[in-house]
Protein chains: 2
Amino acid sequence: MSYQYNYPHPAVTTDVVLFGLIDECLKVLLVRRARPPFANHWALPGGFLDIDEDLEDCALRELEEETGVSGVYLEQLYTFGKPGRDPRERVISVAYYALVPATDIEIRAASDARAVRWFAYRDLPELAFDHVDIIHKAQQRVSSKLDYSTIALKFMPEKFTLGELQSVYECILDERLDKRNFRKRLRTYDCLTDTGEVRRNGGHRPARLYRAKSPDTVQIVK
Amino acid sequence: MSYQYNYPHPAVTTDVVLFGLIDECLKVLLVRRARPPFANHWALPGGFLDIDEDLEDCALRELEEETGVSGVYLEQLYTFGKPGRDPRERVISVAYYALVPATDIEIRAASDARAVRWFAYRDLPELAFDHVDIIHKAQQRVSSKLDYSTIALKFMPEKFTLGELQSVYECILDERLDKRNFRKRLRTYDCLTDTGEVRRNGGHRPARLYRAKSPDTVQIVK
DNA sequence: GCAAAAGTGTTCTAGGTACACCCATGT
DNA sequence: ACATGGGTGTACCTAGAACACTTTTGC
């Protein structure tokens with residue numbers, strides 16, 4: 001089968017930067033490439049756009065196929081298209097990012113047994129293509145969104161404690177926050193409901209468990 | 001000449017939303033399409049990516065070819081790729097936006113005599129493709145950037161008065177601002193130099209003329 | 001001298017930061 | 001009883017909002 005055009009067409013791909021927090025550490029989900037170019041290098045999950053497929057659907061499909069992760073909320077990040085970024089042919093990549101409660105997510109390697117793994121953002125392996133640039137840009141976007149939205153809730157499982165949520169902020173902003181100020185700010189956002197339950201977690205007072213009021217939408221605050 | 005691929009490739013285009021302020025009114029530069037689809041509809045300047053051309057270069061080239069405007073500072077806006085947005089074939093469009101001092105800019109129709117015109121943002125004609133969505137998204141981006149950057153200076157000619165700059169803000173935000181607070185805020189940004197010159201402009205005190213300290217960079221404030 | 005835009009400071013308010021102690025549990 | 005993280009309120013400070021009069025010109 002072959003497809004013909006009167007002038008050359010680039011290929012279009014999508015790539016997904018999937019962030020999670022594990023062990024108080026920002027992680028990115030990567031897949032190991034099975035084939036050249038960059039065989040055995042780690043890369044972002046992603047791949048070629050089907051000709052009748054919406055961009056975001058492509059990102060979701062490739063993510064699911066390569067990592068088993070489905071149903072995440074994607075936001076478009078940026079489009080990368082420098083000539084030469086893929087040695088095979090001209091490739092334009094529309095990058096997306098998403099945040100997931102990493103401990104809740106089940107990852108599964110693709111059928112062709114490519115490895116899939118979380119890597120610490122601060123300790124990335126050598127990456128294929130310009131994927132390291134994409135990841136850095138995504139991290140900057142997430143950092144700045146923390147300040148004016150409730151995007152951090154996307155990292156949280158259904159129920160969580162305020163201490164856990166605070167440590168998410170501290171992780172990504174890489175600074176300590178004051179507990180009382182942090183809680184006051186959350187109160188003004190009015191984005192949480194108290195489940196009434198508590199979590200016992202070792203030799204100290206149990207923590208109340210909260211739930212996001214609208215877990216499917218990222219609210220802009222300020 | 002014909003180009004063949006083993007699987008179908010979409011076309012990639014760039015489109016540019018060029019904003020200017022004329023008569024205290026936000027305008028967008030549009031070109032009239034000469035050919036189908038949407039012949040005689042107005043559209044954003046833009047066109048197909050050359051196979052070895054950077055995305056931003058493509059946007060600059062198409063803008064220059066179709067409108068005669070060159071050397072503007074572009075920022076990437078978003079990538080639009082819904083299947084069916086172009087009736088000919090699948091087209092992914094990477095949209096850019098830019099702000100120019102409209103009164104300084106010389107526009108010139110393309111050689112094939114397509115018309116080029118400024119349209120008021122609040123009174124757009126019927127547009128080709130999904131260009132109306134692109135323009136609205138660009139306007140939102142510019143509005144929000146006004147609040148945390150010096151992007152408004154991109155609308156200004158080399159020398160301008162504080163009153164003129166204030167009316168730029170008022171136009172885009174669509175609200176009146178307090179003169180003293182506005183000037184105090186600008187002072188803290190430290191982005192202007194006093195030229196020492198004044199502009200006489202009718203029956204009132206002449207206004208001092210200012211110049212942007214770094215006209216080529218958009219500074220993030222706050 | 002009158003109309004019209006330019007220019008200039010102070011007070012008030014609200015939101016953000018800094019800060020210290022008691023509580024409930026496990027060992 | 002003690003170690004550990006959970007939970008709570010107030011004082012201070014700074015940035016943004018509200019607000020009115022004098023100046024310089026053209027007619």
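Please read all numbers here as calculations on a predicted model, not as lab measurements. Throughout, protein chains are lettered first and strands after them, A, B, ... in sequence-line order, and every chain is numbered starting at 1.
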What parts of residues 190-210 of chain B reach DNA chain C, counting only heavy atoms under 4.0 Å away?
-> G203(B), H204(B), R205(B), P206(B), A207(B), R208(B)
Protein-nucleotide distance (E24(B), atom CD; dA5(C), atom P), rounded to Å = 11 Å
Expressed in angstrom and rounded to an integer, what is the separation of E175(A) atom CD from dT17(C) atom C1'?
-> 12 Å
Could you check how far CG of L177(A) sits from P of dC19(C), rounded to whole Å?
-> 15 Å
Nearest listed nucleotide, side chain of K179(A), among dT8(D), dG9(C), dG16(D) | dT8(D)
Nearest-neighbour nucleotide for the N181(B) side chain, dA17(D), dT8(C), dG7(D) considered | dA17(D)
Whole-Å distance between dC19(C) P and D178(A) CG?
-> 9 Å
Would you mind reading off the distance between D147(B) atom CG and dA15(D) atom C1', rounded to a whole angstrom?
-> 15 Å
Please say whether more than 12 non-hydrogen atoms of neighbouring residues, nucleotides or ligands are located less than 6.0 Å from CD in E175(A).
-> yes
N/O donor-acceptor pair, side chain K184(A) with base dG16(C), under 3.5 angstrom | no
With no hydrogens and no angle check, is any side-chain donor or acceptor of R32(B) less than 3.5 Å from a backbone partner on N40(B)?
-> yes
Flag the pair K159(A) / Y210(A) as yes when at least one side-chain heavy-atom distance between them is below 4.5 Å, and no otherwise.
-> no
So does R208(B) have more than 12 non-hydrogen atoms from other groups sitting under 6.0 Å from CZ?
-> no
Answer with yes or no whether the side chains of T150(A) and Q219(A) bring together a donor and an acceptor at under 3.5 Å.
-> no
To the nearest angstrom, how far is Q166(B) atom CD from dG7(C) atom P?
-> 11 Å
Rounding to a whole Å, what distance do you find between R187(B):CZ and dT8(C):C1'?
-> 8 Å
Expressed in angstrom and rounded to an integer, what is the separation of R185(B) atom CZ from dT8(C) atom C1'?
-> 18 Å
Is there side-chain contact between Y73(A) and E75(A), with heavy atoms separated by less than 4.5 Å?
-> yes
For the pair H131(B) and F129(B), name the ring-plane relationship: parallel under 30°, tilted 30 to 60°, perpendicular over 60°.
-> tilted
Could one point to a donor on the side chain of R183(B) or the base of dA6(C) with an acceptor on the other under 3.5 Å away?
-> no
